[in-house]
Structure formats: structure tokens, C-alpha cells
Amino acid sequence: MSKNLSEKIFTNHLAEGKLQPSEQIGLKIDHTLTQDSTGTLAYLEFQAMGVQKVKTKLSLSFVDHNMLQNDFRNADDHRYLQSVAAKYGIVFSRPGNGICHQVYLERFARPGYTLLGSDSHTPTAGGMGMIAIGAGGLDVAAAMAGEPFYLEMPEVVGVRLTGALSPFVSAKDVILAVLQKLTVKGGVNKILEYCGSGVKTLSVPERGTITNMGTETGATTSVFPSDEVTQAFLKGQGREDQWVPLAADDNAAYSEVLDIDLKTVEPMIALPHSPDNVKAVSEVEGTPVDQVCIGSCTNSSLRDLKMVAAMLKGRKISDKVSLTISPGSRQVLENLAASGELIHLIRAGARIIENACGPCIGIGQAPTSGAVSLRTFNRNFKGRSGTQDAKVYLVSPETAVAAALYGKIVDPRKLGEYPSINLPEKFIVSDSMFIFPNPEAMGKTEIVMGPNITPLPAFPPVQGTLRGDVLLKVGDNISTDDILPGGSEIMSLRSNIPEISNYTFCRVDAAFAKRALQKKGGFIVGGENYGQGSSREHAALSPKYLGVKAVIAKSFARIHLANLVNFGIVPLTFADKQDYDGIAQGDTLELDIGNLERTLTVKDTAIGLTFQVELDISDLDKAMIRAGGKLAAIKQKQQSSPKSP
Ligand code: MIC
Ligand code: SF4
């Protein structure tokens, strides 16, 4: 029977279950990846599992998010991560080496492999023909301990590309066009698999831009075939031996097919405050711009910065604009420096900042009050930039440069001759910023924990009747940035749950944390796509710490749903979405969870009404909730099979 590419890779990695859409399956994981802001928790969880060393083919720990080191806390986290890596056999990518997704794509991504990463943009590596999925830290820790990754088998949507992109139009415009069609929830429980004759016109980094931002549709992952373009990229990285050709069979079936003629794609832009609020750049031309930021895991490859350098060459940016450029990796920076292209960025007036996430997650470069900021990033949720009333637009590097030059939004196609750029046949490659584990030293390595790194809280089993107030009622598309914001101040507390939980929902309702503690917990009521965005499990763990027992929403985003289960918060959806309207913040709810049946009844004692909710999770998930979360469940499992570590 003919198979699509996703089915082929899943078949080769199937540990449990049947490959049917909506079936629960267990997937064998080859590689794992963590970054500093989710990694500290993932490794505390891994330590708690009592395993001697990682059981994957390769596990990597990156430091790329919180790099400011405003005080000891941040630096202590980095030191902790380095010591954990040395102890358990994990490759450590030092601060300064670059953004995890960009570096992984350059140095480790392999066609046909699986990757699980504690960051929602892990699907970037799908540009290399692999199944790369973002998950909470606990799921990544479990994969490092040799457990399969459990998920609902997604539907596979074919995205058929034909033709080739026009000058000044690039991969970012393609994914923005996809987002316009699918919205931020159209990809939930789906894989976007790219196919068609247009695929070969896109380089691996361009494919990575598209698979990276597939995350914003809610998709489980996105994947491209592995072809001669992939081979050339791997050859350029000195890794040609890792290439294998991979593609869907002819006549492979997809649950649906989206057709995109690349020739018809034009420069696109996502308007504030959602990645799916997409329009053509030509529709918003003339809007004055205060800040332009180029970088992030979406658009910071050598291809992108070569284009930016070529477009800025011999020009000067507008006096009205602050332009920052953060290269995706040290390799990108080194290649730009060696080829002489870096000078064009510097002379044009760009502020070159560290090879890291930086402004993308509110670590520096907050825009001025009320500013318009054009960014080549992937998320523009309100307040994520660090300035609550800033208006962040998402664009391609080409549109970003046009705005930096003119101080307003301009269709880049008006910029004259389109520069031609080529990726080098051989990249300058140096792995000197990785620390590879030394098997002899592993067992003897001490883990160094600074005073801000606190033990994981333990939670009792979840059973009986859950009772409490509706602590907060929110609308649709609440992101994990709303639940627990980024930014350097709060991110310094990522390894200290009691402290960070004080910031839960702080930008939505500053009194939330206090109220939750006073009331000894309760419920959260949400709209559609609750928990979209980042994979940070703090958005589940902090509410749990404050006593949140269940979230009742119209629908959930995939990673956040798994994180709620992992920490023993019951994720419920309204059987009849209209019941959402009847509940008010402050109402008292009562819910007997019985045996965690599929349909449960909630009593709103404030208005004397009852309504039905659905618990659409697997039996394995139910066992985790009963045990008080995944960590407790894994520990139980290990105690019953003492030989397993
Ligand atoms: C993000 O882009 O929001 C982050 C920061 O990379 C997160 C991870 C985190 O919250 O640490 C993500 O996308 O998963
Ligand atoms: Fe870093 Fe931004 Fe990418 Fe998240 S989206 S990994 S913060 S660059």
C-alpha cells in the first residue's frame, strides 16, 4: 500500500498502537533537544526518574533563550545544565553557539529520524525530512529515559507546492499564506506534509522557516521530503553520509490537500496580535515603523542573513528605525564574517545582537511605548515583546529590510533589482562550542545547583470530588504567554516553581495568583484553543501549584493539553459550547471525577445548574492524572520493574 512520508517515518518508529488517525500511539524517539528555559525543569524531572544516563541515540541541551545574566540566577541555570549534560551523556551547546533549532538543523538533523524537543518550534527540523515534535519537558525527560512519546496519531494533510517564488518573496510569505488559510487552530492534530514540484525550489533553511512556523497553525509537526537539495545542504555541512532520499509514494493518500502555487504568493504580513491575522504587505503599505528585528528560529539562517546583507549593501537605514539583527547561530555569524557580508549589516546601521532568541521572547529590545515593530519572528501575541501597547507585525527578512530602509511598511518588490544569493557549497563549520560528553567522567560528575533552583513540588493523587470557584474566565486563543509570560525577569524563575507561580496570569489579571492561593485553588474556564503557543510546562505546573484542579475550555492546544495531564490538572471540554456563556468568574463548581469517564457532570452551585463536560484523553493519561501526574506515574512504573533503569 502506498504511504505518505509521515506514515513511513512513523512506521519505522512505532513502539505501540496502530497508525490510524486519532489512535493513541507510542513513537520511538531518536534524538531529544532542550533549551535553557524549559531545560532546567526537564532535567530536574529527568533526575527524579533515577536513570543513570540518557537512552536516546543523541540528546542535546542548548542555552539560547535567557542569556542576559542580569544576576546569578540565569548564570546558575546555565551551569546546572552544563553539569547535568556532563553527568548523563548529553551534548551541551554553550551560550553563544546559537538558537537550538537553527544549530540542530545545521549540525544534527537527519532525514528519517525522530526528534522530540522541549520547545514548540522543534518542527523546524522537519525541513530536513524528519518527524520533529515539540513537547513539554516531562515528555522529553521520559524520552531521554527511553520511554516512547505518546500522542494521538495526527491526520496527514498534503501541502502541494508548484511553481517557484517570485523575487523578494520568500519562505516566510508561504507559511504566512498557510496561516491565513488554516488560522492558529486549523492544524491541531494534523501534520502538514509538503510535496509537489515546488519543493525542490526551496533550500533546507527555507524549508525550515516553513516547518518552524507550522507550529503557529497548531499542527503537531510539518515535514518536507529529503531530496537532492537536502543532500547538497548536508554535504555543505560535511555530513553527506547522513543523507537518505525520502518522499511520499506516488498516489500516497492525504486527509486533505492544500494547493499553493508559489508563483502567486506575494509578500505577506501578520498584523497585531496574532500570527494568523495575515494580509498582503501591499494592503498595509505606508504604516510608519519604529523598530525592525531580524532573527529568531524562523528567519536567521545564512540564507536569510545573506539576503539581508545583499539588500542593505551600500545603504543606510532610516533615522526613525532601530534595526536589530540576531544571527541564528555562531556558524551563520562566522560565515557572514568570513565572506565579508557582515560589514554590510554593520555599515547600514544594524545593531548586531547575540546569536540567541533575544527580542523574540522579550529578552531585551522591548519597543518604545505604542511602537510599531516589524519582526521576522513567529509570534506576535500582545505583550510578548515586553511592551504591552506595542504593535508587533510578523514579516519576511525582505519586508523587514524594506521597512528598515524607508521607516514605513513597503512592499519589498519596489526595491529595485533582486539580489541573487547562493548558499556556500561548503559552510565554514566549527563544533568548538559544543561540549561532548566524556563517558569516563560521566558517573563522577557533580550536579551543581544554585540557590534559585528548587526541588520539584510533588502532588497527591487526583480523585473524588473536585470543588472550588471559577478563579478566572478567559476567551479564545489564550496563549501560554498569557498564562505565564516570558521576559528576562520572569524567565529567571523558570527553575523555581513557588516563585514563578506568583506571576501566573499576571498580565491578564494581576490578582490571580493571590486569589487562587486564598481560595485554595479552583477552576479555570477557557474558550477555543486554550494554551496555544509555547511548550512551557510552567503554564500547567504553576497553576497546579496554586491549586488549579481542572480547566474547562471549548478546545485545547495539543502541547498544553499534554502538559495539563502531565501535572494532574483535569482538562475538560464543554459537551455543549453554549454552557460556556452561563458560567461566571466566582461561581462555585463541583465535579465528581468518578472513574474519569468520557462524560462527566459539573454542578454550578451558584446558579444551581448542571452541565456536561468531556474528558477526551487516553487510558494512559487517565492513569497519570490518578497518580497525581506523569512523574508519579513513571516512578510507580519504575518501582514495579526495578531492573529497568
Ligand atoms: C517561545 O517561543 O515561546 C519559547 C520561549 O521558545 C517556548 C519555550 C519556552 O517557553 O521556554 C516555546 O515555544 O516552546
Ligand atoms: Fe527562541 Fe523565539 Fe524560536 Fe522560541 S520562537 S525558540 S523564543 S527564537
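This chain uses plain numbering: 1 for the first residue, then up along the sequence. In each ligand, atom 1 is the first atom listed, and ligand 1 is the first ligand listed.
- The single protein non-hydrogen atom nearest to atom 4 (Fe) of ligand 2 is His65 NE2, 3.7 Å, given as residue, atom name and distance.
- One N or O on the side chain of Glu537 and one on the backbone of Gly137 form a donor-acceptor pair closer than 3.5 Å.
- For His101, no heavy-atom contact with ligand 1 is shorter than 4.0 Å.
- Contact detail for Ser120 and Ser534: the closest heavy-atom pair is OG-CA, 3.9 Å.
- Each of the atoms 12 (C), 14 (O) of ligand 1 lies under 4.0 Å from some heavy atom of Ser535.
- Distances from atom 6 (O) of ligand 1 to the heavy atoms of Thr34, Asp119, Leu41 show the closest one on Asp119.
- A donor-acceptor pair under 3.5 Å is formed between the side chain of Thr209 and the backbone N or O of Thr298.
- Each of the atoms 1 (C), 2 (O), 3 (O) of ligand 1 lies under 4.0 Å from some heavy atom of Arg384.
- Legend: protein N/O/S atoms lying under 2.8 Å from atom 3 (Fe) of ligand 2, waters omitted, number 1.
- Between Phe434 and Phe108, the ring planes are perpendicular. Angles over 60° get that label, and only those under 30° would be called parallel.
- Checked by atom type and distance alone, the side chain of Asn496 pairs as donor or acceptor with a backbone atom of Glu499 at under 3.5 Å.
- For ligand 1, the atoms sitting less than 4.0 Å from at least one non-hydrogen atom of Ser37 are 9 (C), 11 (O), numbered in the order shown with element in parentheses.
- A donor-acceptor pair is defined here as one N or O able to donate and one able to accept, closer than 3.5 Å; no such pair exists between the side chain of Ser274 and the backbone of Asn277.
- In this structure, Asp481 and Gly486 approach most closely via the heavy-atom pair OD1-N, 3.9 Å.
- Contacts between His538 and ligand 1, counted as non-hydrogen atom pairs separated by less than 4.0 Å, are absent for every part of the residue.
- The heavy atom nearest to atom 5 (C) of ligand 1, out of those in Arg494, Gln35, His65, is found in His65.
- Here NZ of Lys630 is found 5.0 Å from CE of Met624. Values are rounded to the nearest 0.5 Å.
- With Asp36 contributing its side chain and His65 its backbone, the two residues share a donor-acceptor pair below 3.5 Å.
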